[in-house]
Amino acid sequence: MNAPFCPAALQPAPILPPLPPGTGGMDLVEALRGALLALAANRLRAVLTALGIFIGVAAVIATVAVGAGAREQVLAQIRALGANLLMVSPGSVNQGAVRLGAGQRPNLTWEDAQAIREGVALLAGVSGVIRQQHQVVAGNMNWSTGILGADPDIFAVQEWVPESGRVFNAEEARGARKVAVLGATVAEALFGDEDPVGQPIRIRATPFEVIGVLARKGQGPQGQDQDDVVVIPFWTARRSVMGAWRIWAHAVSWISLKVEEGEEMAAAEEEVRQLLRQRHRLAPNEPDDFILRNMAEVAATRDASARTLSILLASVAAVSLLVGGIGVMNIMLVSVTERTREIGLRLAIGARRRDILAQFLIEAVVLALLGGAVGVLAGIGLSHGLAAAAGWPVLVQWDAVALAVGVSAATGLFFGYWPARRAAGLDPIAALRHD
Amino acid sequence: MLIETEGLSRHYAAGEGSVVALSDVTLGIPPGELVAAMGPSGSGKSTFLNLIGCLDRPTSGIYRLMGEDVARLSPDALAGLRSRRLGFVFQSFHLLPRLDAMANVELPMVYRGLPRRQRRERAAAALDAVGLGARLHHRPTQLSGGQQQRVAIARALVNGPDLLLADEPTGALDTRTGLEIMALFQALNRSGVAILMVTHDAEVARYAMRVLRFRDGRLVANERQAPADAAAELAALPAAGRAA
Ligand SMILES: Nc1ncnc2c1ncn2[C@@H]1O[C@H](COP(=O)(O)OP(=O)(O)OP(=O)(O)O)[C@@H](O)[C@H]1O
Ligand SMILES: [Mg+2]
C-alpha cells in the first residue's frame, strides 16, 4: 500500500523547520559507524583481508609471550641456584700432536675436587660428580633415572634439602655405604604416596637403603626435570654401580662448586683455574684442558639467544604485516572502484574531499585494527595453550600487545592512504556517471 | 537574482580539439521559481545543471549564486555551498543500497555535523513530507522507483536548500509516477524552494514557470509561462491506475 500522498499539506510554509547549525563537519563516531557498516556489507571479504594482519599479530604475541615466559623461568632458576655456582667439566686435551676431544681420557678426577676443596678459600662447597643413567627397582616398580655419585657437599652446592629423612654424611661417603637419597619424581614413581625412607631399593642389582627424599625443585634451565634423580655417595657409585675401568676409576663427569655468598666470583674462578692448571701440569702456552662455567654466563648466553629470537620474530611480524597491509590496500582500491558512484553522490550532497579521505582511511584502519584486535586475543589464547603444553609460565607482554595494536593501526593508515587519496580526488560528475 | 551567469562556457578536451558542451550562456533567474531546462540530447542541459550545482567549474564566464561569485571559492567552500544551499535529485536516484530510507536522508546532515537524534527527527519529517512516513526503514531495493525518487527528494530537501537541482527526475518513472513527482516539486516550490530541472520531455516542462531551451550548447530561449497544475491533473486521473 502506498502512503497517503498529499503535497497540498506542504504549502505554503517551509516544509521543515530551519536547520540547526551543527558542527559543520562529520564527526568521528559517524565515520566509524560508516566504516563498520561498509565492512559489514562485505563481511567475508573483510575477514579474509584482516586475516593477514590477524596471523602476524597473533604469532608475534604468542611467541613473545612464550619466549618471555621461558626466559623468565630460566632467570628464576638461575636466581634460585644462585649466580655463584661454578661448574668444571672435562675439556679437550693435547697429547703429543694429537688433539683429543673432551672425555677421551680422564683429565678431571675426584682428587681435583679434593684439591680445590683444600686449596681454594671462599668456597661454600665442592663436589666431584659422576652421572649415569640406570634402572632403579623397588618392589615390583622400576624407573630409569639419572644416578648421581657425589660428595656430601653436593646438597649444599645444589641447595637440595631433604623433605623427609636426611642426606648422607661424610662418614657414609667415606665408607662407600649403600645409601640413596631420592628426588621427588623418583620417590613418587617407585613408592607413590608411601614414605620411601627406610625402604630398600636396587640400583643395577645392588641393594640400597633410602635414607631421604629431596624437596621438589621443578624444571631445570633446559626444561629437564631436576627431581628425576637419585643421589648416592661418590665411591659407592664408583665401586658398586658404575663398574668402570681402572684408569677411569677416579674420573668425574663434572665438579660442582659454590662460592661463598658475597665473594668475588671472578677471583674464585681464577683461583680454581690456576690450581687445576698446576695440577694438570699445563705449560703457560697450553690451553685449559677443562671448561669452567658459571651460571651467570649461561644466563647471558641464553639472554643473547632470546634476543636473536626476538629479532627473528620481529622480522616475521614485519613481513606478515607488510603482506597484510598490501591486502588491505588491494581491498580498499577495489572498494573505492566499486563505490565510485557512492563517492560522487557523497560529494554532491556536501561531503568535502577530506570527509571522503577520512571515510576510506578510517575504514582501512578499522579493518586492520579488527585483524589486530582478534590477533591479540588469539595470540593470548595461543600463549596460554603453548605454555600449558610446554609447562612454561605465560608472560603476556602488554607492551608487545600495545605495539601490535599500534602497528596494525599504522599499517591500515599507511596502506589505506593511497586508496583514500584516490577516492577523495575523484571528479564528482565522472564519479556519478561511473557504472 | 538567485542565479546569474555571464558568458558561461564549458569546453571538454576531446582528442585533438575540444568539445563545446556549453557556450556563452548569459541569464538571470529570480528566487522561488520552478525552471525547466529543455533541449535535445547533447545540447548541454546536464552540463549547465552541473555548473549551477557547483559540481563542475566553467571554462570561462561568470556564475553568481545568490550574489556570490562561485569561481573564487575553494573546493571546501563549494562543498559548503552544496551542503547548505543546494539539493540534488538524479534520474537514477543514487540512493545508497546498504542504507534504509531514513539513513539515506540523514546523510547530508552527517556532513553538516548534526547530532544523531536531530538527524533522525528531521529525516523522518522530510520523509513524511514526501509521503513516505510509513517507509522509513525500507531499503532502496524494497521501494518502487517513484518511492526511491521521493526518498532522494527528501534527501535533497533535508538540509533546507535554496535551490533544488534535478537532472531528468522523471526519466526513469512512468507517466503517473512522474506526475506525482511534479506535483511534489510544485508543492515544494510553493513552500519557497527554487527548482531547476532538466528534461527533454515537453509534457514535464509544462509544470515549470520558466523554460530554458538549449541547442548545441547555446541558450536559445528563456521564457516565462503559466504552469500547469500537477496536483489537479493527478486528482483527475482515474484512481485505479495509481501505482507505486
Ligand atoms: N566528460 C565529458 N567529456 C567530453 N565531452 C563531454 C563530457 N560530458 C559531456 N560532454 C559533451 O558535452 C555535450 C553536452 O553534454 P550534456 O551531457 O550536457 O548533454 P545533455 O543535454 O544533458 O544530453 P542528454 O539529454 O542526452 O542528457 C555533449 O556533446 C557531450 O558529448
Ligand atoms: Mg543530460
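Order of the sequence lines sets the chain letters (A, B, ...), proteins ahead of strands, with each chain counted from 1.
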Exercise answer: donor-acceptor pairs, residues 405-422 of chain A side-chain atoms, under 3.5 Å, sequence neighbours excluded:
| from | atom 1 | to | atom 2 | distance (Å) |
| --- | --- | --- | --- | --- |
| S408(A) | OG | A404(A) | O | 2.7 |
| S408(A) | OG | V405(A) | O | 3.1 |
| T411(A) | OG1 | V407(A) | O | 2.6 |

Item to check | Side chains of R82(B) and I349(A) in contact at under 4.5 Å (non-hydrogen atoms) | outcome: no

Checklist entry - For the candidates Q186(B), R155(B), R84(B), which exhibits the highest count of non-hydrogen atom pairs separated by less than 4.5 Å from chain A? => result R155(B)

Checklist entry - Checking side chain to side chain contact (heavy atoms under 4.5 Å, CB included) for the pair F90(B)/L345(A): CA distance, chi angles, key distance, verdict? => result CA-CA 10 Å; F90(B) 303 93; L345(A) 183 270; 3.9 Å; yes

Checklist entry - Taking all atoms of both residues into account, what is the closest heavy-atom pair of A351(A) and A79(B), and its distance? => result O-CB, 3.7 Å

Checklist entry - Taking the side chain as C-beta and beyond, is there a heavy-atom pair between R352(A) and L78(B) under 4.5 Å? => result no

Checklist entry - Atom CG in D27(A), atom OH in Y111(B): separation rounded to 0.5 Å? => result 11.5 Å

Next on the checklist: For the interface with chain A, which of S83(B), A156(B), P75(B) has the highest count of heavy-atom pairs at distances below 4.5 Å?
Outcome noted: S83(B)

Checklist entry - Mind checking which of residues 361-373 of chain A sit less than 4.5 Å from chain B, heavy atom to heavy atom? => result none

Checklist entry - Is chain A contacted by the side chain of R122(B), its backbone, both, or neither, given a heavy-atom distance below 4.5 Å? => result both

Checklist entry - At what distance, to the nearest 0.5 angstrom, does CG of D427(A) lie from CZ of R57(B)? => result 11.5 Å

Checklist entry - So with a 6.0 Å cut-off around NE2 of H138(B), is the heavy-atom count from everything else above 12? => result yes

Next on the checklist: Could you tell me if the side chain of R346(A) sits less than 4.5 Å from the side chain of H94(B), heavy atoms only?
Outcome noted: no

Next on the checklist: Less than 4.5 Å to any heavy atom of chain B: does that hold for the side chain of A38(A), its backbone, both, or neither?
Outcome noted: both

Item to check | Side-chain touch E30(A)/E106(B), heavy atoms, less than 4.5 angstrom | outcome: no

Next on the checklist: What residues of residues 331-342 of chain A make heavy-atom contacts with chain B at a cutoff under 4.5 angstrom?
Outcome noted: R339(A), R341(A), E342(A)

Next on the checklist: Please classify the contact between L37(A) and chain B as side chain, backbone, both or neither, with a heavy-atom cut-off of under 4.5 Å.
Outcome noted: both

Next on the checklist: Can you list the residues of residues 46-56 of chain B that sit under 4.5 Å from chain A, counting heavy atoms only?
Outcome noted: S46(B), N50(B), L55(B), D56(B)

Next on the checklist: Counting only non-hydrogen atoms closer than 4.5 Å, does L96(B) touch chain A with its backbone (N, CA, C, O), its side chain (CB onward), both, or neither?
Outcome noted: side chain

Next on the checklist: Could you go through R353(A) and D76(B), starting from their C-alpha distance and side-chain angles, then the distance that decides it, and tell me whether this counts as salt bridge (charged side-chain N to carboxylate O under 4.0 Å, His left out)?
Outcome noted: CA-CA 7 Å; R353(A) 298 218 172 269; D76(B) 276 3; over 6 Å; no

